[in-house]
There are 2 protein chains.
Amino acid sequence: MITPQDETAILKAVDAVFDREVEFLAELTSHASTRGKEQSAQDFMAAELSARGYGVDRWRIDVADIAHLPGFSPVIGDYEDAVNVVGTRGTSGQGRSLILNGHVDVVPEGPLDMWETPPYAPRIADGWMYGRGAGDMKAGLASNLFALDALRHLGLAPAGHVFLQSVVEEECTGNGALACLARGYRADAALIPEPFSEQLVTAQVGVIWFQVHLKGIPVHVAYAGSGSNAIEAAIPLIAALHEMEHRWNAAERRHGDYAGHNHALNLNIGKIEGGDWTSSVPAWCVFDVRMGLFPGQDIGEARREIEAVLHDAARSHPFLKENAPAIVYHGFHAEGYALSQDRSEGAAQAISALESAHRTVTGGPLDKIAITATTDARFFGLYADTPALVYGPRAEAIHGFNERVELESVRRVTQATALFIARWCGLEKI
Amino acid sequence: MITPQDETAILKAVDAVFDREVEFLAELTSHASTRGKEQSAQDFMAAELSARGYGVDRWRIDVADIAHLPGFSPVIGDYEDAVNVVGTRGTSGQGRSLILNGHVDVVPEGPLDMWETPPYAPRIADGWMYGRGAGDMKAGLASNLFALDALRHLGLAPAGHVFLQSVVEEECTGNGALACLARGYRADAALIPEPFSEQLVTAQVGVIWFQVHLKGIPVHVAYAGSGSNAIEAAIPLIAALHEMEHRWNAAERRHGDYAGHNHALNLNIGKIEGGDWTSSVPAWCVFDVRMGLFPGQDIGEARREIEAVLHDAARSHPFLKENAPAIVYHGFHAEGYALSQDRSEGAAQAISALESAHRTVTGGPLDKIAITATTDARFFGLYADTPALVYGPRAEAIHGFNERVELESVRRVTQATALFIARWCGLEKI
């Protein structure tokens, strides 16, 4: 039983450790942990967990351990450089267990000249911390850790097992979270503080990534004929994909949680590269596509439809009919997930505990949101029967330039997380 | 006076040195002399010239020496790695002088898996030599050198000054040939054996290169709205450029030498690159364009029209109107050139000498061609009052995969070149 006095003490304890939390967040953000380069950030996470007395499980992901599991996303190359970190500590085990999950990988910073200040030199201005990954989602990792620090500051610890997960690969496959499942980590609920402005995510879309490879016969531009340019051949394919995107978003195809959303499924041409020489008709072009799916939409069917759309468009094009596009899957094969459809008692209780915690901190109700992105929540919800609550701070320009997270929002989320832990796991003296 | 007996002796002398010419061509082709990496090929050229007793002038191009000259093309970066080689030898100087010019730079080979055999491991099959640059235009450099070798085989040398030029930068700016002019090399005619199937080039188009840089504000794809994608914003700009290309090729705008050519001026989207991450709306995209010009078309006016076309297209586009494209000139600012318009006595005599040489070798008339590419001929013709004859062997797939040159054609061009030298410069005993 958590009393109002306990709650007040927990809120103050978060305040007491918050300066250190901000320092921690700045240091974590200073690690340029783009995919494949997360090691130093994970070293830092492991050291911080170890210094607090957590047992640290630090392992390299082995594709062979996860490739057969539902939710696996195909990858090109191996995982030599993909390291997960999980911290645990002793407990009576009398309370409910909890996974506090966050991802340490960040998306590329893009051209540096488009940042006002360097992306990995975090700075604070007007109550916001700026830096690549500050919002998505190193603030969440900080919140998970310092919510527990705040409890410890009071001489308390969760009465159930708590697993602090710092995973890689969230931004491209989710195979980092999947590897935690494969390693046996299970709990009664999961909390993932992705930066959705202190709202509870009740549904998330699925995401599929694919590359379209075009190759043809190049010639000197002096002999360029129509339709022989592999770069320009991408244009009708992109148009055909947008027509598919339009169909998939039609009202009659929408998942219930997205009924009022005119365009939940976004198709993104995220990268393109082609040609070697300005005066040579380009013989090759590759573009990378991200497409959203509704919860319940089958990945295999989506793949078949994407392939049919591309091949149909190719058949009527002078270049493409002779040079069929090759479709390569590299990255997300992520199904959608709707917490709203989890009718279990555990889900209801977890949501209730978070609603209560949120109200205590903010004085208001917990808003719900169906998001147009994916998160690692799907692994817990779809493949481990674990209600997964996505609830994190307010951030802006995630994946953009001058990404930033609001520090007072980080404080509130840390407080709500500490209260949620108290309600969900119960507390015991250290 | 060259007698029929002399001619027969010269043809046989080319035959006598032809095996060595093929070996030389294979070795030169084995140097992967893409732009910036011509040094080893130029070392080889210089060594071969030196071994034959030529004086060798080998110098690094200095932009300061040429940037103020007509015909200069803008470049990004310096010329630390740009080396020209010119070979000369003693002569009585009683005959007419001649520049034998060729470029040693080759265009990139592109994806290696699209070559049947490695591009820099030249091989001979069915009378063709395969390899990047074998046709464009190392066979021409070989022909220039071995035409003189054949004369020497007979104990003869040109009676006028002959300058054997091996230049860089032909494929992107022509600044290598321009640097030869700036260094003072002049002659009564120039011959450039570019691979146009033993035809005489009587007109060549101009070429302008430009890059279009698009930048904008990226967001997570979850928040992608229409018109915010820098890669897709390139599409309407490419369409507008093709409309311009169509206008420029209109019958009423054609240069006389291209009156019957429906599409002499090709616009090529030769390279594209954009975006950093599949799930981030791309904030940047750069594409590289090559556009042809007719002889007489002003480069400055062409630039202004290109800029107007791009800016007009941008104004009506949701992304581009907020993120105007930046146009960067990097590479060709090449004017067109028509030997057919050179009414000088020297031009008439040079063409006549080549016609005669060609007829002796092939038994047929010298075909004339207006080409849809540029060559270094423009520097001699436009900026040094020197008739420049482009006449070289038959090649296929230049700038493409499995580029090849026909060896019997190389032999005939070498023979015609030796005869042309004899008629143009006269001969004297060594």
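Only a predicted model underlies this, so the values are computations on that prediction, with no experimental measurement involved. Proteins come first, then strands; the chains are lettered A, B, ... in the order of their sequence lines, and each starts at number 1. The figures here come from the full heavy-atom set of this structure, side chains too, leaving out hydrogens, waters and symmetry mates.
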*In Å and rounded to the nearest 0.5 Å, what is the CG to CG distance from Asn262(B) to Asn249(B)?*
8.5 Å
*Tell me, side chain or backbone of Val289(A) under 4.5 Å from chain B's heavy atoms, or both, or neither?*
backbone
*Nearest 0.5 Å please: distance from the CD1 atom of Ile299(B) over to the CG atom of Leu293(B).*
5.0 Å
*Could you look at Ile269(A) and say if it's the side chain, the backbone, both or neither that has a heavy atom under 4.5 Å from chain B?*
both
*Between Thr34(A) and Trp277(B), do the side chains contain an N or O donor and an N or O acceptor separated by less than 3.5 Å?*
no
*Please flag which part of Phe287(A) lies under 4.5 Å from any non-hydrogen atom of chain B: side chain, backbone, both or neither.*
neither
*In terms of heavy-atom pairs under 4.5 Å, which option from Glu396(A), Glu109(A), His242(A) contacts chain B the most?*
His242(A)
*Measure the CG-NE2 distance between Asp136(A) and His399(A) for me, rounded to the nearest 0.5 Å.*
4.5 Å
*Counting only heavy atoms closer than 4.5 Å, note whether Glu273(B) contacts chain A via side chain, backbone, both or neither.*
both
*Which portion of Trp284(A) sits near chain B, non-hydrogen atoms under 4.5 angstrom*: side chain
*What is the ring orientation for Phe294(B) with Tyr258(B), classed by angle as parallel under 30°, tilted 30 to 60°, or perpendicular over 60°?*
tilted
*Relative to chain A, which segment of Ile238(B) carries a heavy atom at a distance below 4.5 Å: side chain, backbone, both, or neither?*
side chain
*Please report the C-alpha distance between Gln204(A) and Thr375(A) in whole Å, then the side-chain angles of each, then the deciding distance to 0.1 Å, and finally whether the side-chain hydrogen bond (donor to acceptor under 3.5 Å, both in side chains) criterion is met.*
CA-CA 7 Å; Gln204(A) 62 184 43; Thr375(A) 78; 2.6 Å; yes
*Pick whichever of Asn402(B), Ile371(B), Asp288(B) has the most heavy-atom pairs under 4.5 Å with chain A.*
Asp288(B)
*How long is the gap from CD1 on Ile192(B) to CD on Glu170(B), to the nearest 0.5 Å?*
8.0 Å
*Choice from Gly274(A), Gly275(A), Cys172(A) maximising heavy atom contacts with chain B below 4.5 Å*: Gly274(A)
